Amino acid sequence: MSDPSGSEETREPGMVADPAPREPRPIVERIGLAAIAGVLAVLFGGVAAASWVGGELFLAVMGAVGCVMTAWVGVLTLIRG
């Protein structure tokens, strides 16, 4: 019978050990990654706007979704690290 504490000796075969604790990225790296995400979000927004004006509604929606998702990830990178 296995020990509920989960020590290395009592783990089932094939189970992986707990990962090491995650360290936050340095602030300079977070700002850089967020800046890259910001540039890409602007590009996606430009595609969405140009597609909307050109009458390509599906491409406009896809560009807008890409813009929002990229901006979201950029903000999360700054907040969570």
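Just so it is clear, the structure is predicted and the values come from calculations on it, not from any experiment. Along the sequence shown, residues carry numbers from 1.
Heavy atoms only, all atoms of each residue included: Cys67 and Ala41 are closest at SG-O, 3.3 Å. Nearest heavy-atom pair, Gly74 versus Ala34, reported as atom, atom and distance to 0.1 Å: O-CB, 3.7 Å. Residues Ala48 and Ala64 approach most closely at CB-N, 3.4 Å, considering heavy atoms.
For the atom pair CD1 of Ile31 and CD1 of Ile36, the computed distance is 12.5 Å after rounding to the nearest 0.5 Å. For the atom pair CZ (Arg30) and CG (Leu78), the distance works out to 7.5 Å, reported to the nearest 0.5 Å. Distance CZ/Arg25 to CZ/Arg80: 10.0 Å, rounded to 0.5 Å.
A side chain to side chain contact (heavy atoms under 4.5 Å, CB included) with Val73 holds for exactly one of Leu76, Thr70, Thr77; it is Thr77.
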side-chain contact (heavy atoms from CB on, under 4.5 Å) for Leu43 and Leu40? Distances and angles first, verdict last. CA-CA 5 Å; Leu43 292 174; Leu40 289 174; 4.2 Å; yes
